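Only heavy atoms go into these numbers, but all of them, side chains included; no hydrogens, no water, no symmetry mates. All figures in this text were calculated on a predicted structure; none of them were measured in a lab. Each ligand, and each atom within it, is numbered from 1 in the order the structure gives. Throughout, residue positions are numbered sequentially from 1 according to the sequence presented.
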Amino acid sequence: MTTNDEYVPSTSDFARGHVEQILEAGSTDVADVMGLKVVVLTMTGAKSGKIRKTPVMRVEHDGVYAAVASLGGAPKNPVWYYNLKADPNVNLLDGDVAKDYVAREIEGAEYDEWWVRSVAAYPPYEEYQTKTDRKIPLFLLEPVA
Ligand code: F42
């Protein structure tokens, strides 16, 4: 993903704080949620065109990652969901390794398979889904060849 626009931090103090720590250290290893690993997605704002950085829990299998648009089980999708729908090209930082990926929303059997993996990586996702009628969207992030 190549962008030459400015980075605009999240309005979420929690997420912005994590991103600041991670950018300072150059690695996601400095951050965790309940001791579980996070990764940082760098994406393009759907309306602003600005660079946005969004931490999500680390869900990975065979070099493919999942991004779970849970927003803690809120009734609405996080705003970054619409960014990825508008421009699926993201960069993902895991540890100190940053690579480009393409995001693809998944459904059906693929969703079910990756939902199990996501809950295994971060069990609270299960409870989040019980809090809302919204089906929590899942994106797969597949490496750019
Ligand atoms: N959120 C999840 O949904 N899933 C996770 O697994 C997850 C893990 C996680 C781990 C650590 C951590 O620090 C945060 C974590 N979060 C997780 C929270 C996540 O990082 C986000 O903060 C949260 O999901 C909310 O995302 P959001 O995109 O709704 O962010 C809001 C707070 C925000 O920054 N809003 C901005 C604002 O100004 O209100 C706009 C951001 C934006 O992208 N704007 C678009 C643009 O064009 O720039 C406009 C998009 C539009 O259509 O309006």
Going by distance only, is there an N or O of [X] that falls short of 3.5 Å from an N or O of ligand 1?
| X | result |
| --- | --- |
| A69 | no |
| V56 | no |
| V38 | no |
| T54 | no |
| G49 | no |
| V68 | yes |

### Transitive ILVMFWY side-chain link Y82 to V90, under 4.5 Å
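They do share one cluster, since a chain of ILVMFWY contacts under 4.5 Å joins Y82 to V90.
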Show which atoms of ligand 1 fall inside a sub-4.0 Å distance from at least one heavy-atom site of [X].
| X | answer |
| --- | --- |
| S10 | 32 (C), 34 (O) |
| H18 | 11 (C), 12 (C), 13 (O) |
| G45 | 46 (C), 47 (O), 48 (O) |
| N83 | 42 (C), 43 (O), 45 (C), 50 (C) |
| V33 | 10 (C), 11 (C) |
| Y125 | 5 (C), 6 (O) |
| F14 | 11 (C), 12 (C), 13 (O), 14 (C) |
| L71 | 2 (C), 3 (O), 23 (C), 24 (O), 25 (C) |

How are the rings of [X] and [Y] set relative to one another: parallel (under 30°), tilted (30 to 60°) or perpendicular (over 60°)?
| X | Y | value |
| --- | --- | --- |
| Y101 | Y65 | perpendicular |
| Y128 | Y125 | perpendicular |
| H61 | W114 | perpendicular |

### Task
Mark yes or no for whether Q129, through its side chain, and I136, through its backbone, hold a donor-acceptor pair below 3.5 Å.
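Yes.
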[atom]: nearest protein contact (heavy atom, Å):
| atom | value |
| --- | --- |
| atom 36 (C) of ligand 1 | T11 OG1, 3.7 Å |
| atom 26 (O) of ligand 1 | W80 CD1, 3.2 Å |
| atom 44 (N) of ligand 1 | R52 NH2, 3.5 Å |
| atom 48 (O) of ligand 1 | S48 OG, 2.6 Å |
| atom 53 (O) of ligand 1 | K47 NZ, 3.4 Å |
| atom 22 (O) of ligand 1 | A15 CB, 3.4 Å |
| atom 50 (C) of ligand 1 | V79 CG1, 3.2 Å |
| atom 18 (C) of ligand 1 | P55 O, 4.0 Å |

### Task
Mark yes when over 12 heavy atoms from residues, nucleotides or ligands other than K50 sit less than 6.0 Å from its NZ; otherwise mark no.
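Yes, because the 6.0 Å sphere around NZ of K50 holds more than 12 heavy atoms from other groups.
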### Query
Does any non-hydrogen side-chain atom of R104 lie less than 4.5 Å from one of E110?
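When only atoms from C-beta onward are counted, R104 and E110 do touch, with a gap below 4.5 Å.
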### Query
Should V40 and V56 count as side-chain neighbours, where that means a heavy-atom distance under 4.5 Å?
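No, every pair of side-chain atoms sits at 4.5 Å or beyond.
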### Message
Quick check with a 6.0 Å cut-off and a 45 degree axis cone: is K135 positioned over the face of Y111's six-membered ring?
### Response
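The answer is yes; both the distance and angle limits are met.
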#### Entry: Closest non-hydrogen atom pair, P137 against R134
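Result for this residue pair: CD-NH1, 3.3 Å.
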### Message
Check this for me, if you would: do D94 and K99 make a salt bridge, where the nitrogen-to-carboxylate-oxygen distance has to be below 4.0 angstrom?
### Response
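K99 and D94: not salt-bridged.
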